[in-house]
Amino acid sequence: MSEIELQEVSHEFLTPDGPFPVLEKISLKVPEGAFTSVVGPSGCGKSTLTRLISGLIKPTQGSIKLGGREVTGPIPTVGMAFQNPVMLEWRSVVKNITLPLEIVAPKMPAKEQEDRARELLKLVSLEGYEENRPSELSGGMRQRVSLCRSLVHRPEVLILDEPFGALDAFTREELWQIMHSLRDEEQITCLLITHDLRESVFLSDEVIVLSDRPARNQYTTKIDLGSERTLDDLYTPQTTEQLAVLRHQIEVAQGRK
Amino acid sequence: MELSNNLVRKVVIPLIAIAIFLVVWEWIVWINGWPNYKMASPSDLGPAFWKYRVLFLEYGWDTFWRTVAGLGLSVLVGTMLGMIMGFSRVIREGLYPLLVGFNAIPKATVVPVIALILVGLDDLNTILIAFLISFFPIAVSVSIGLSTLEPEYRDILRSLGATRLTIFWKIALPKTLPEFFGALKVAVTLAFIGTNLMEIVEPHGKGLGHLFDSGKINADYPLMFAVLIALAFLGIVLFYIVVFLERIFAGWAERD
Ligand SMILES: Nc1ncnc2c1ncn2[C@@H]1O[C@H](COP(=O)(O)OP(=O)(O)O)[C@@H](O)[C@H]1O
Ligand SMILES: [Mg+2]
C-alpha cells in the first residue's frame with residue numbers, strides 16, 4: 001500500500017494543430033489503503049489521468065507521487081484494469097493472470113505464480129475456470145479475470161479505468177461486491193474512474209468530480225458508509241441526497257446547468 | 001451412427017464423386033476415339049506414371065524444395081516488412097503504394113527478366129520467383145495484425161516496465177499468428193505457382209514444369225496429364241503442411 005498524490009498536474013497533448021490541453025492543475029490525494037473515485041464528462045481527460053499516474057506518459061507540469069516517490073516512468077507496483085478486458089486468447093485463464101508476474105518476477109517458479117493466480121480466482125468466485133480459454137467466459141467473468149491480473153503481482157496501487165462500464169446492471173452490482181471483498185483481502189490503494197455515480201458512492205471513501213476538458217478539480221465529497229456496505233445503503237436518505245448533489249455537479253461539469 | 005454418417009460424408013461421397021468424374025472422362029475419350037497424341041484418358045495415367053517414375057520423383061523433389069525455399073524467403077522478408085510497417089505508421093504509409101504497385105505486376109512478365117539477369121542460376125531464379133509472387137500477403141497480414149493490436153495490451157505490459165521486445169514476443173507475435181497463417185495458406189499456393197511458372201516459361205531441365213514441357217513437345221498427353229495430377233497432389237501436400245502447422249501454432253483461434 002502506498003498513497004497517491006498529485007500536485008497541480010497539467011497535461012497537454014502535442015497535436016499537428018498545436019498543443020491540446022487535457023488536464024489543468026489537478027490535485028488529489030488518495031491515502032494509503034483508501035479508495036477514491038473520479039467522475040467527469042466523457043472525454044475530459046480521465047483516462048489520461050490514469051496513464052499519467054501509472055507512468056505511461058509524463059505530465060507537462062506538476063508532480064505525481066506514489067508512496068512519496070516521484071513517478072518518472074512505468075513502475076511495477078501499479079496494477080491496471082480497463083473497460084476492455086483484453087485477454088491473451090491463446091492462454092488459459094490462469095496463464096492470463098500470471099502474465100504480470102512473468103514481467104515483474106520472472107524468476108518466481110511457475111507453480112508459485114499459478115498458485116497466486118488460483119488464490120485470486122477463488123476470491124472472485126471463479127474457481128473451476130482455471131484452465132478455460134478466455135473466449136469461454138462471459139463479459140463479467142472476463143472482467144473478474146482482468147481484476148485478478150491487475151492484482152496478481154501484489155501492486156501497492158490499483159488503477160481502474162471504467163472497468164465495469166460495459167457490463168449490464170446486475171453483473172455490475174455483483175462486481176461491486178467482489179471489489180469490496182478484494183479490498184478486504186488485498187492491501188491496495190485504489191483509484192477508480194467511472195461514469196456510474198452509484199458505483200462511485202458504493203465503492204469509495206471519496207468521490208472527485210472533474211470539470212469538462214481541460215479537466216480541473218470541480219468538487220470533492222467524502223462518503224461515510226463505513227466499511228461494511230450493502231446495496232441497501234444506496235437507498236438511504238443520506239446517500240440519496242449525496243447522489244443528487246453529485247448528479248448536479250456532473251451536469252454543471254457538462255455545462256448543462 | 002454419428003461416426004458412420006461422418007465417414008460417409010467426408011470419405012465415401014467424395015470418393016464416389018472422383019470415381020464418377022474418372023468414368024465420365026474415360027468414356028468421353030473412348031466414345032470420340034481420341035488417340036494419345038490428342039487427349040489422354042484416366043487409364044493412360046497409371047502407365048505414364050510408371051514409365052516416368054524416376055523422373056517424377058526427381059523433378060517432383062525439385063519443384064517441392066524450391067517452392068518451400070521461396071516460401072521460406074517470403075516468410076522471412078514478409079514478416080520483417082510486416083513488422084516494420086506494423087510498428088511505424090510513417091513507413092507503412094510510405095511503403096504501401098510501392099508494394100501494391102509491385103504486387104500488381106503480372107509475374108509471368110518478371111520471369112524472363114529474372115532469367116536474363118541471373119542467367120544460368122536456375123535454382124536461384126525459381127526460388128526468387130516463388131518468393132516474389134508470395135511475400136505480399138504475408139507482409140500485409142503481419143502489418144495489419146500488428147497495427148490493429150488493441151492499445152490495452154501494450155499498456156498492461158508497458159505499465160509494468162516491459163520492454164518492446166517482451167511485448168512483441170509475449171503478445172504481438174502470438175496475436176498475429178492466425179492472420180499470418182491465413183496469409184501463409186495463400187502464399188504457399190502462390191509460391192507453388194511461381195515455381196511452376198519459371199519451370200515452364202524458362203525450361204532449364206528441372207522440376208515438374210520441365211516434365212510438362214517435354215510432354216507438350218512430344219504431344220505426349222498421358223505424360224502431361226500425369227504431371228498435372230502430380231502437381232495437384234504436391235499442391236495439396238504443401239497446403240496441408242501449412243494447415244497442420246496452423247493447427248499447432250494458432251489452433252486457439254479456431255471457432256467451433
Ligand atoms: N495520445 C493522445 N494524443 C492526442 N490527444 C489525445 C491523446 N489521448 C487522448 N487524447 C484526447 O484527450 C482527451 C481526453 O481523453 P481521455 O483521457 O481518454 O478522456 P476520458 O477518459 O475522460 O473519456 C480526448 O479529447 C482525447 O481525444
Ligand atoms: Mg476514458
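Chain letters run A, B, ... following the sequence lines, proteins first, then strands; residues in each count from 1.
Both the backbone and the side chain of A/L56 come within less than 4.5 Å of a heavy atom of chain B. For a residue to count as touching a neighbouring chain, one of its non-hydrogen atoms must lie under 4.5 Å from one of that chain's; by this rule B/E150 touches chain A with the side chain only. Contacts between A/V104 and chain B at a heavy-atom distance below 4.5 Å involve the side chain alone, from C-beta outward.
For the set B/A250, B/A162, B/P174, the entry with the most heavy-atom pairs within less than 4.5 Å of chain A is B/P174. Comparing B/T166, B/L157, B/I156, B/T163 by how many heavy-atom pairs each has under 4.5 Å with chain A, the most go to B/I156.
Annotation: side chain of B/F102 is in contact with side chain of B/L132 (closest heavy-atom distance under 4.5 Å).
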What's the verdict on ring-ring contact (aromatic ring centres under 6.0 Å, His included) for A/F13 and A/H11, showing C-alpha distance, side-chain angles and the deciding distance?
-> CA-CA 7 Å; A/F13 284 111; A/H11 190 72; 4.9 Å; yes
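Between the A/T171 side chain and the A/L167 main chain, no donor and acceptor come within less than 3.5 Å of each other. A donor-acceptor pair under 3.5 Å links the side-chain atoms of B/E199 to the main chain of B/G209, judged by distance alone.
With a 6.0 Å cutoff to the six-membered ring centre and a 45° limit on the axis angle, B/R66 does not count as a cation-pi contact of B/F192.
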